[in-house]
Amino acid sequence: MTTQSTNDPKSVYDFVVKDAKGDHVDLSTYKGKVLLIVNVASKCGLTNSNYTELNQLYEKYKEEGLEILAFPCNQFREQEPESNAKIVEFVCTRFKSEFPIFDKIEVNGDNSAPLYKFLKLGKWGLFGDDIQWNFAKFLVDKNGQVVGRYYPTTPPLSIERDIIQLLGIS
């Protein structure tokens with residue numbers, strides 16, 4: 001199992017996930033930060049624009065308390081087929097991304113990672129709870145609560161105003 005949780009999670013801080021190296025990461029280490037959690041893919045038509053804009057947001061707001069957590073997923077037309085090591089190499093070499101890349105997961109279905117089951121608990125959009133495609137985005141406040149969900153086609157920079165508000169920047 002890629003992601004572990006308590007039986008009745010109250011926030012994203014109740015989860016332990018694996019990073020791309022296979023090490024366990026307790027998400028409570030991100031307490032007090034604003035999180036943008038994204039399911040990513042390397043071979044998607046949305047890859048270039050999303051990674052470029054995610055990097056811009058991270059560079060601009062990481063010192064203010066923004067963390068971007070990227071979870072590779074191969075559930076959408078097998079657009080993330082590589083190993084974790086190759087995914088990290090691709091993201092770090094091509095896009096120079098500095099935000100953490102986690103273990104490849106499933107975001108929908110019976111094998112959906114517990115973290116994603118939690119993220120999807122709200123009633124969102126026209127398509128129900130399922131993630132529609134690569135680069136769906138969840139915005140999490142400093143208390144570990146999901147406060148926004150954005151479609152895969154939503155450019156990361158269009159979320160900047162919501163991030164600024166959660167960070168408390170005037």
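These values consider heavy atoms only, across backbone and side chains, with no hydrogens, waters or symmetry-generated copies.
Here F118 and F15 bring their ring centres to under 6.0 angstrom of each other.
Partners of D141 according to the side-chain hydrogen bond (donor to acceptor under 3.5 Å, both in side chains) rule, which considers only residues two or more places apart in sequence or in another chain, do not exist here. Residues passing the side-chain hydrogen bond (donor to acceptor under 3.5 Å, both in side chains) test with K142: none are found, sequence neighbours excluded. N74 meets the side-chain hydrogen bond (donor to acceptor under 3.5 Å, both in side chains) test with no other residue; sequence neighbours excluded. With sequence neighbours left out, K21 forms a side chain to side chain contact (heavy atoms under 4.5 Å, CB included) with D19, D23. Taking E106 as the reference, Q75, N111 meet the side chain to side chain contact (heavy atoms under 4.5 Å, CB included) condition, with sequence neighbours excluded. Not counting sequence neighbours, the partners of N134 by the side-chain hydrogen bond (donor to acceptor under 3.5 Å, both in side chains) test are Q79. Shown here are the ring-ring contact (aromatic ring centres under 6.0 Å, His included) partners of Y150, two or more places apart in sequence or in another chain: there are none. Under the side chain to side chain contact (heavy atoms under 4.5 Å, CB included) criterion, S83 pairs with A85, K86, not counting sequence neighbours. By the side chain to side chain contact (heavy atoms under 4.5 Å, CB included) test, K117 is found to be paired with S112, residues two or more places apart in sequence or in another chain being considered.
Applying the salt bridge (Lys or Arg N to Asp or Glu O under 4.0 Å) rule to pairs touching residues 156-170 yields K60-E160, sequence neighbours excluded. Residue pairs that meet the salt bridge (Lys or Arg N to Asp or Glu O under 4.0 Å) test with at least one member in residues 68-82, sequence neighbours left out, do not exist here. Within the structure, every pair that satisfies the salt bridge (Lys or Arg N to Asp or Glu O under 4.0 Å) test and touches residues 31-40, not counting sequence neighbours, is listed here: K33-E67.
Residues L167 and E64 share a closest heavy-atom pair of CD2-O, 3.4 Å. Between F99 and I68, the shortest heavy-atom distance links the atoms CB-O, 3.3 Å.
For CD of Q56, the number of neighbouring non-hydrogen atoms (other residues, nucleotides, ligands) closer than 6.0 Å is greater than 12.
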What's the verdict on side-chain hydrogen bond (donor to acceptor under 3.5 Å, both in side chains) for N50 and K137, showing C-alpha distance, side-chain angles and the deciding distance?
CA-CA 10 Å; N50 270 272; K137 300 155 194 77; 3.1 Å; yes
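Between W133 and F76, the angle of the ring planes lies from 30° to 60°, which puts this pair in the tilted group.
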